[in-house]
Amino acid sequence: MELEKKLIKILRNISILLQIKGENIFKASAYSNAADIIEAMQLDIAELVRNGKLGEIKGFGEALVKKITEFVETGKISFYEKLIQEVPIELVSITKIPGIGPKKTKTLFEQLGIKSIDDLENACLEGKVANIKGFSKTTQEIILNNIQHIKAWKGKKQQFACFQEANNINNLLKSAPGVIEHSIVGEMRRYSEIISNIHFLVSTTEPNKVAKFLQEKFNLKYNNNSVSFYTEEEVSVTINFTEPKNFVWQLHNFTGNKNYIEHFANLFQERTGNPFDFYQFPLENIILKREQQLFELLNIQYIPPELRENSLSIFKAKEWKIPVLIKEKDLRGMIHVHSNWSDGFNTIEQLAIAAKNLGFEYIVICDHSQTAKYANGLEPERVDQQHKEIDELNKKNLGIKILKGIESDILADGSLDYDENTLKKFDLVVASVHSHFKMTKSEMTRRLVYAIMSPYTHILGHPTGRLLLSRESYEVDIKEIIDAAADYGKIIEFNANPYRLDLPWEHLIYAKEKGVKISINPDSHDINSLTDIFYGVNFLRKGWLESSDVVNCLEHDEFVRFINSIGKS
DNA sequence: GCCGTTTTCGGCCCGACTGTTTTCAGTCG
């Protein structure tokens, strides 16, 4: 997939550069659209070029086929090479700043020669941006503010975006001379949503040998007991070395975060009478073979790595009250999936069969509602047509039940996107915010509570609206939202899209406390990302959820009964 | 640039918000 990744990036760059150049927007979109298709459908580009089948895929015309063929054969696209001579490639980074699109980027470049985010920051600080026509002091301040956000996000990645690199390093350590044992630790092992450092622990008696081996692959810094370096994707990596006798001890200590370790250290001291030492296991007569032994030694329950964030897990482990956390195989229902009726790539039948093959008993299709024009949302007439298709598919007995859902926009006033007659037709309604993000906290909270109160709402979709490392949550009192869901017996979504992971795990803990049921939903737009639901389970675990907290774990008939009971009381 | 076709070029992606205008261009979902 390396080839495709490179191509996707080039196509997206072409799209942005053409827009900066002032080309027809539809021409520019053709490139980003092609990139989206390659990504969503996981196309094997080299194979398609070889059999001459690329042109048969919708969205790939003569020009794109020619350029992509050139790319497969030479690794380059001459059109692109020429384009970046005309428009500096660095300008793409400026369009990533919220509120700055291609036109403003062009103006900034032409008038002030701004090419990079650093240039732009300096120009703002010098007050030059406010002097350009079309900009103002307020805009300048907003830009500066947004640059601060982007800088704070630099060097960080979403957890899933680090899998490949962590895996590569893992494989490398497997074959490295001198490595006795090794494990991932830190944020990755805890399943943090955002990763700032990929961290490994290596058991070895010959740290120099291991370091030398790694030195051949990476440009690294070597201190006594660790090496650090950056990957090609600019993620920081640390590898700590330890003597075999301290491996399990350090595995535990490098996994927990600071707050957890502080509380663990106190407990260790209290229960063993020995001072806590981060690197050396203080009890000389015991050799730890597994982490479990450590918890047994303190006479507390085993704490899974994803819970080692703070004192809560230690407190509960002392009381032996850590629950059996949800597992992938507990899931039975696939909820909130988009088909090609709105902005998805696959037909309902393809989605249903794919979900069945992943082991699911039922799937709830939730396309966009009518206000979401940009996503080809369904007007009431198309809702009827879609329901007819679902009825027919269900008659075919595909081996999976298909339910009629909708992802209804929550309008600015908190109402849903259809009249009652239409709303009654759905088996399930996910209500989500897709517009009017900039409201005051109290206005947004009132809006969401109003949507929760609707007798037709079953699930509140992506409750905070955050996009990891690109958009903050909108202003909302999330506790009040969870309280309202508890009061009205409504479900809250955990959106398993790897860029969302919304509701955040900290709030899942509160939702569980209040008895609110959670629905884990992939919000997928193609068959490949249905598996995001499995990725999401890790974060439900991080939020202390058990299978009994999650509606997707209900078998079909129970699920339908449960859904039907909502809003009727 | 792609698509679909009354096959050779017009439509495609709409509407709301924002900030800067004084009637609208640019951005975003």
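Basis for what follows: all heavy atoms, side chains included, without hydrogens, waters or symmetry-related copies. Lettering of chains follows the sequences in order, A, B, ..., and the numbering in each one begins at 1.
- Side-chain atoms of A/Lys103 lie closest to B/dT27 of the nucleotides B/dT27, B/dG29, B/dC3.
- Going from atom CD1 of A/Ile20 over to atom P of B/dA25 covers 20 Å, rounded to whole Å.
- Here the separation of B/dT22 from B/dC28, taken at their P atoms, is 23 Å to the nearest Å.
- Counting to the nearest Å, the C1' atom of B/dG29 and the CG atom of A/Asp36 are 14 Å from each other.
- What separates CD1 of A/Ile37 from C1' of B/dG1 is a distance of 12 Å, to the nearest Å.
- Contact check on A/Arg500 versus A/Glu493 returns no salt bridge, with no Lys/Arg side-chain nitrogen under 4.0 Å from an Asp/Glu carboxylate oxygen.
- With rounding to whole Å, A/Glu407 atom CD is found 12 Å from B/dG29 atom C1'.
- Of the candidate nucleotides B/dC2, B/dT27, B/dC28, B/dC28 has the atom nearest to the side chain of A/Pro98.
- Cation-pi geometry between A/Lys542 and A/Tyr191 is not satisfied (NZ or CZ under 6.0 Å from the ring centre, within 45° of the ring normal).
- Note: A/His368 and A/His338 have parallel aromatic rings, judged against thresholds of 30 and 60 degrees for the angle between ring planes.
- For B/dT23 and B/dC17, the C1' atoms lie 16 Å apart once the distance is rounded to whole Å.
- Between the CD atom of A/Glu23 and the C1' atom of B/dG1 there is a distance of 10 Å, given to the nearest Å.
- Residues A/Asp523 and A/His525 form a side-chain contact, since some pair of their non-hydrogen atoms from C-beta on lies under 4.5 Å apart.
- Relative to the ring axis of A/Tyr474, A/Arg447 does not place its NZ or CZ within 45° and under 6.0 Å from the centre.
- Applying the ring pair (Phe, Tyr, Trp, His ring centres under 6.0 Å) test to residues at least two apart or on different chains, the pairs with a partner in residues 402-430 of chain A are A/His387-A/Phe426, A/Tyr418-A/Phe426.
- Nucleotide B/dG29 holds its P atom 18 Å from the CG atom of A/Asp417, rounded to whole Å.
- A distance of 6.0 Å or more separates the ring centres of A/His434 and A/His436.
- Using atom C1' as the reference point in both B/dT8 and B/dC2, the two lie 14 Å apart (nearest Å).
- Applying the salt bridge (Lys or Arg N to Asp or Glu O under 4.0 Å) criterion to A/Arg541, with sequence neighbours excluded, gives A/Glu306.
- A/Ile10 contributes atom CD1, which lies 12.5 Å from atom CZ of A/Arg12 (distance to the nearest 0.5 angstrom).
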Which letters describe nucleotides 6-19 of chain B, given B = protein heavy atom under 4.0 Å from base, S = only from sugar-phosphate, - = neither?
------BB--SSSS

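- Environment of CD in A/Glu62: sparse, with no more than 12 heavy atoms of neighbouring residues, nucleotides or ligands closer than 6.0 Å.
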Evaluate salt bridge (charged side-chain N to carboxylate O under 4.0 Å, His left out) for A/Arg50 paired with A/Glu47, printing each intermediate quantity in order.
CA-CA 5 Å; A/Arg50 218 178 359 257; A/Glu47 180 69 17; 2.8 Å; yes

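- The gap from the P atom of B/dT7 to that of B/dG1 amounts to 24 Å, rounded to the nearest Å.
- When each of A/Lys137 and A/Ile100 is assigned the nucleotide of DNA chain B with its nearest heavy atom, A/Lys137 is the one assigned upstream, toward the 5' end.
- Searching all strands for a Watson-Crick or G-U wobble partner of B/dT8 with both distances below 3.5 Å returns nothing.
- Judged by the 6.0 Å distance and 45° axis criteria, A/Lys479 is positioned over the aromatic ring of A/Tyr510.
- Sorted by first then second residue, the ring pair (Phe, Tyr, Trp, His ring centres under 6.0 Å) pairs that include residues 130-157 of chain A, not counting sequence neighbours, are A/His149-A/Trp153.
- The NE2 atom of A/His338 sits 15 Å away from the P atom of B/dG29 (whole-angstrom rounding).
- Rounding to whole angstrom units, CG of residue A/Leu83 and P of B/dG1 are separated by 11 Å.
- Taking every heavy atom of residues 463-477 of chain A and every atom of DNA chain B, pairs under 4.0 Å involve A/Arg471, by number.
- Look at the C1' atom in both B/dG10 and B/dT5: the space between them is 11 Å, to the nearest Å.
- Near DNA chain B, meaning a heavy atom under 4.0 Å away, the residues from residues 63-82 of chain A are A/Ala63, A/Leu64, A/Lys67.
- For B/dG29 and B/dC13, the C1' atoms lie 11 Å apart once the distance is rounded to whole Å.
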